[in-house]
Amino acid sequence: MKYVVVSGGVLSGLGKGVTASSIGVLLKSAGLRVTSLKIDPYLNSDAGTMSPFEHGEVFVLDDGGEVDLDLGNYERFLDINLGRNNNVTTGKIYSQVIEAERRGDYLGKTVQVIPHITGAVQDWLESVAHQPADGSDEVPDACIIELGGTVGDIESAPYIEALRQFQFRVGRENVTFVHVSLVPVMGPVGEQKTKPTQHTVKELRGLGITPDILVCRSTAPLADETREKLAAFCHVKPEAVMSTHDVPNIYHVPLMLQEQGLCDILELDCNATDLLEQWRVMAYHLDTLTEEVHIAMVGKYTNLSDAYLSVIKSLQHAAMAVDRKLVIDWIEASHLESDWADSSEREQAWEMLKQAAGVLVPGGFGDRGIEGKILAAEYARTHSTPYLGICLGLQVATIEFCRNVLGFKDSNSTEFDENCKNPAVIFMPEISKTHLGGTMRLGSRPTLWQVEDCTIRRLYGDGDSVDERHRHRYEVNPDMIEDIEAAGLKFVGKDETGQRCEIFELEGHPYYIGVQYHPEFKSRPGRPSPPFLGLLKAATGQL
Ligand code: GLN
């Protein structure tokens, strides 16, 4: 097993996750089986309880793990499926050690950060690295370990110590340390400054880890003298100083690292497969797209694109497949509501909705903006605008249908109005067998087709069922299904009990689809998720 450990310095937001996934692409291009692990040094057990406001989207895995969005990058870049254990958190490590202590496993010893926490971290890393991740039974050849946070943070210190020890446990020749840093540009001539990187490397070396490779985020390619200076002061070879400068799209990043000789440093034959060629085609194809397609995203965190990262990626994958440049028009759902106080904001929101070639209402929790989302679903239904509702987006469209087509004026979801009459959506928890008290329906579940033929089934292609990932507690009210279907909104996909509605499709509409699951978690570049592809095809007249 070869390990690539990626740490970061100076500040967050340097694209450490993209850098780490891109290195994974290079390993894969050499024919290796690659997996990855992300370390998040916070005390939360997982990302499930964290606000998208603060932390970006909660990414959901097949096994129901609610994890950091960086795991989404790994799944998309490396085309692998990870599990909850691929996200290490301080909460998980400490719980494990404390439980072991209570069982008496430490035989009377004083339990300490070193060696017990650092030992538990290393055991975890080594064991998860050996789990197959690419759908085969084969143990991976290489594992990318990304350390979240910035070197020097108090909370990441035990992990740095664990990784320092790890190089002796698995053999120094089997670990490559990559440090991602920033090279800012100052002054009228645009001088590239090396001091922040010098400092962070000094700090890392003080903790016992000497980076083999430096990846420097900057606006323009590193000048030769910058590279040499960094090499001299940071104790790395000049050819091991990589530049990740601004590029038109992220598919260029693996190519950019390869062009600077990273494969030679890692002793990889990156032409062993045609993977990099595929990335090259994708990167340049995306650059050439000029004809735009406007998709309105009606959501709650519209000023924070990380909150919908996988949805955005899925739209991009689908837009690429229909040869269009994606433009997302962000609409704050509450701005559509008739009592929204600022009339110019309201007009602007409605104008954007009307101009859009397609409308997407993504998942969400809580009642803010619900009425606005219902209005967006109504507009799309009555104006033949292609619509995709995901999770909450399916629920609001069902409420809208019950109110305006079936005439149940006060219909709602019991999430927002517990006592409403004729609820369209009700609490249907799934009682977790592994997590006491867990009511969320989480992770991969099968959806069975209820009809021989329909638009969404054709988009998914062969097979009697589809497996997609879930994260919700509420569902379409089974008592309403008959009336809703009689009026033309067909539940064409259900779970294996026939109780839970997974997919609807509206008869006589070009594309009006709702899915109770989150298809965005399984979309891949070059293999767009079918509901998204359908939306983009319908929006561009290609369905
Ligand atoms: N709040 C809704 C539920 O729990 C929708 C969840 C979601 O969109 N992920 O069912």
Side-chain angles (χ1 to χ4, degrees), residues 46-53 55-62 64-67 69 72 297-302 304 306-312 314 333-334 359-374 376-377 387-402 411-418 420 423-432 435 437-445 447 468-478 480-481 491 493-495 499-504 513-523 529 531-532:
D46 63 32
T49 53
M50 296 168 95
S51 161
F53 263 128
H55 253 271
E57 92 184 344
V58 177
F59 193 81
V60 181
L61 301 172
D62 274 340
E66 299 176 278
V67 296
L69 53 78
M297 269 269 265
V298 184
K300 181 155 100 166
Y301 308 107
T302 53
L304 296 155
D306 266 4
Y308 297 116
L309 188 67
S310 295
V311 175
I312 298 171
S314 305
S334 42
V359 176
L360 195 154
V361 178
F365 295 81
D367 62 1
R368 184 162 62 82
I370 284 300
E371 293 302 324
K373 291 177 191 177
I374 291 175
Y387 176 88
L388 176 61
I390 296 176
C391 204
L392 184 62
L394 168 144
Q395 298 174 1
V396 295
T398 310
I399 298 169
E400 189 278 316
F401 198 81
C402 287
S411 184
N412 209 330
S413 163
T414 55
E415 181 179 7
F416 314 123
D417 181 358
E418 237 181 299
C420 73
V425 176
I426 60 166
F427 187 50
M428 279 175 72
E430 188 174 80
I431 306 302
S432 163
H435 287 69
T439 53
M440 188 96 89
R441 192 158 181 260
L442 271 174
S444 187
R445 296 283 184 278
T447 295
E468 296 274 18
R469 300 178 185 169
H470 295 69
R471 184 171 187 252
H472 62 107
R473 294 190 181 87
Y474 291 80
E475 306 245 3
V476 173
N477 181 356
M480 294 285 246
I481 292 176
F491 293 102
K494 289 187 180 165
D495 79 333
Q499 285 292 302
R500 298 173 189 270
C501 291
E502 297 280 6
I503 310 174
F504 76 51
I513 301 288
V515 288
Q516 186 54 72
Y517 49 76
H518 291 269
E520 68 269 28
F521 296 134
K522 286 176 69 166
S523 187
S529 162
F532 286 90

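One-based numbering, in listed order, for ligands and for the atoms of each. Note that these values count all heavy atoms, side chains included, but never hydrogens, waters or copies made by symmetry. Here the structure is a predicted model, which means the values were calculated and not measured.
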Give a table of atom pairs where an N or O of ligand 1 lies under 3.5 Å from a protein N or O.
unit_1	atom_1	unit_2	atom_2	d
ligand 1	1 (N)	G364	O	3.0
ligand 1	1 (N)	E415	OE1	2.8
ligand 1	1 (N)	E415	OE2	3.0
ligand 1	4 (O)	R473	N	3.0
ligand 1	8 (O)	G364	N	2.8
ligand 1	8 (O)	G364	O	3.4
ligand 1	8 (O)	L392	N	3.1
ligand 1	9 (N)	R471	O	2.9
ligand 1	9 (N)	H518	NE2	3.1
ligand 1	10 (O)	Q395	NE2	3.1
ligand 1	10 (O)	R473	N	3.2
ligand 1	10 (O)	Y474	N	2.8

Inset, instruction - Give, for atom CD1 of I503 and atom CD1 of I513, the distance between the pair rounded to the nearest 0.5 Å. - result: 8.0 Å
Legend entry - For the student: nearest non-hydrogen atoms of G363 and Y308, plus distance: O-CE2, 4.1 Å
Inset, instruction - State, with a plain yes or no, whether a side-chain heavy atom of H470 is found less than 4.5 Å away from one of V60. - result: no
Inset, instruction - Going by the side chain to side chain contact (heavy atoms under 4.5 Å, CB included) test, name the single residue among I390, L392, T398 that passes it with L394. - result: T398
Inset, instruction - Look at E475 together with R441 and state whether they make a salt bridge at an N to O cut-off of under 4.0 Å. - result: yes
Legend entry - Qualifying residues under ring-ring contact (aromatic ring centres under 6.0 Å, His included), relative to Y474, sequence neighbours excluded: F427
